Amino acid sequence: MKKPDLFNFDVIVERRDTASMKWDKYGGRDVIPLWVADMDFLSPPAVIDALDKRVKHGIFGYTMPPDELYEIVLSMLKEEYGWKAEKEWIVWLPGLVTGLNVACRAVGEDGDDVITAVPVYPPFLTAPANSRRNLIKTHLLETDGKWGFDFESIEKAITPRTRLFLLCNPHNPVGRVYDMDELTCLASICAKYGIIISSDEIHCGLVLDDSKRHIPTATLSPEMSDRTITLMAPSKTFNTPGLGCSFAVISEKNLRKRFTNAMTGIVPRVNTLGYTAAVAAYRDSHEWRRALIAYLRKNRDLVIGAVNRMTGLSAGEVEATYLAWIDIRNSGIDDPVKFFEDAGVGLFDGKEFGTPGFVRLNFGCPRSLLAKALKRMATAVNSTSKRHPTPLV
Ligand SMILES: Cc1ncc(COP(=O)(O)O)c(C=O)c1O
């Protein structure tokens with residue numbers, strides 16, 4: 001007899017008219033939204049119960065980070081990554097994008113350079129200018145659907161004023177989990193030129209590939225720890241991005257001071273429900289996360305299989321995240337967002353990530369919805385490429 005699933009990710013929850021950025025973007029249009037990165041799954045039961053209890057208390061005054069949450073985060077870092085971090089290294093933030101922007105302000109001076117590798121999550125491309133820094137864009141290299149750093153071009157692009165590298169690992173949108181050799185090589189280049197690394201690790205709880213493990217950049221060595229600002233959050237893994245609770249881990253005292261100084265008077269406290277959800281997510285939702293990963297793996301396989309059967313489209317490996325990065329350069333489609341929206345599917349344009357010719361698809365949704373979206377995409381692609389019909393999924 002088949003064991004009943006403990007958590008049912010197949011359930012479709014109506015999200016329209018909840019002021020959902022993802023769903024309400026399309027108003028009354030019949031567009032399946034697979035663009036912004038939140039999932040259409042209920043958060044873990046433990047998170048919902050904890051929030052319910054906290055709401056019923058009924059007073060929502062100024063809140064401190066709960067002591068218990070420090071312990072939970074420190075033990076998560078130790079158990080998952082063998083990282084012995086200390087309580088005072090943790091700086092709470094109401095969002096990870098806030099952390100990226102604060103990192104740009106905290107490191108170097110006005111007019112300095114900040115380097116990153118595209119395609120990358122769009123706020124990486126705007127954060128430097130927000131802080132009066134210049135952005136230096138290098139390009140990841142793709143070989144057979146697998147993306148990686150072009151270390152030579154990174155080293156060539158570094159200027160005497162380059163102070164900060166904005167790293168995304170696991171990498172949104174290309175789904176890579178960088179291995180020890182890749183991180184060591186990047187770290188040694190940064191150390192050679194005195195560059196601090198801001199390491200956005202928000203997707204670290206979503207490694208789908210069994211043979212990979214997430215390595216926080218700061219765990220490479222004590223020296224690397226001291227030149228790294230690690231940014232993490234429970235929000236992607238446990239589907240709580242609307243609750244705004246993230247944190248930075250910064251071991252080096254002066255760097256931490258510069259970071260907290262840059263926040264002063266501008267960055268608000270984390271809200272009380274954000275903390276409540278974070279405790280229940282990290283402490284009580286391990287089984288839910290395991291079930292989520294198993295579900296996402298099957299969704300990933302469905303997406304990769306279907307997309308690679310569409311004429312002119314291809315998608316590579318997704319080692320982590322619930323995001324597929326789809327190459328449309330051989331499809332003849334000029335305006336991919338409009339093309340797929342007209343077909344009833346909302347995707348994110350690669351040009352926002354610094355790389356036109358691609359779209360990003362979020363597969364964190366019930367499988368029936370995903371299959372419907374893929375069928376719509378295949379039908380639309382078919383109608384534009386009659387000479388090479390695409391099998392429907
Ligand atoms: C790499 C990365 N960093 C940061 C964020 C957003 O973080 P926050 O909502 O906490 O600002 C996202 C959301 O998709 C992301 O993919």
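Predicted, not measured: the structure shown is a model, and the values here were computed from it. When a ligand or atom number is given, it counts from 1 through the structure's own listing order. Position 1 is the first residue of the sequence; numbering continues from there.
Evaluated for a ring-ring contact (aromatic ring centres under 6.0 Å, His included) with W35, the options W23, F363, F348 yield exactly one hit, F348.
Remark: side-chain polar atoms of R132 are not paired, donor with acceptor, to backbone N or O of G111 under 3.5 angstrom.
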Note to self: Determine whether S225 and T228 satisfy the following criterion, side chain to side chain donor-acceptor pair (under 3.5 Å), listing intermediate values before the conclusion.
What the structure shows: CA-CA 5 Å; S225 176; T228 301; over 6 Å; no
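A 4.5 Å side-chain heavy-atom check between D10 and R367 finds at least one atom pair inside the cut-off.
Going from atom OH of Y121 over to atom CZ of R360 covers 8.0 Å, rounded to the nearest 0.5 Å.
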List, for ligand 1, each N/O atom that has a protein N/O partner under 3.5 Å away, with both atom names and the distance.
| residue | atom | partner | partner atom | Å |
| --- | --- | --- | --- | --- |
| ligand 1 | 3 (N) | D200 | OD2 | 2.6 |
| ligand 1 | 10 (O) | L96 | N | 2.7 |
| ligand 1 | 11 (O) | L96 | N | 3.1 |
| ligand 1 | 11 (O) | V97 | N | 2.9 |
| ligand 1 | 14 (O) | K236 | NZ | 2.8 |
| ligand 1 | 16 (O) | N172 | ND2 | 2.7 |
| ligand 1 | 16 (O) | H203 | NE2 | 2.8 |

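Proximity of the aromatic rings of F7 and F41 is defined here by a centroid distance below 6.0 angstrom, and this criterion is not met.
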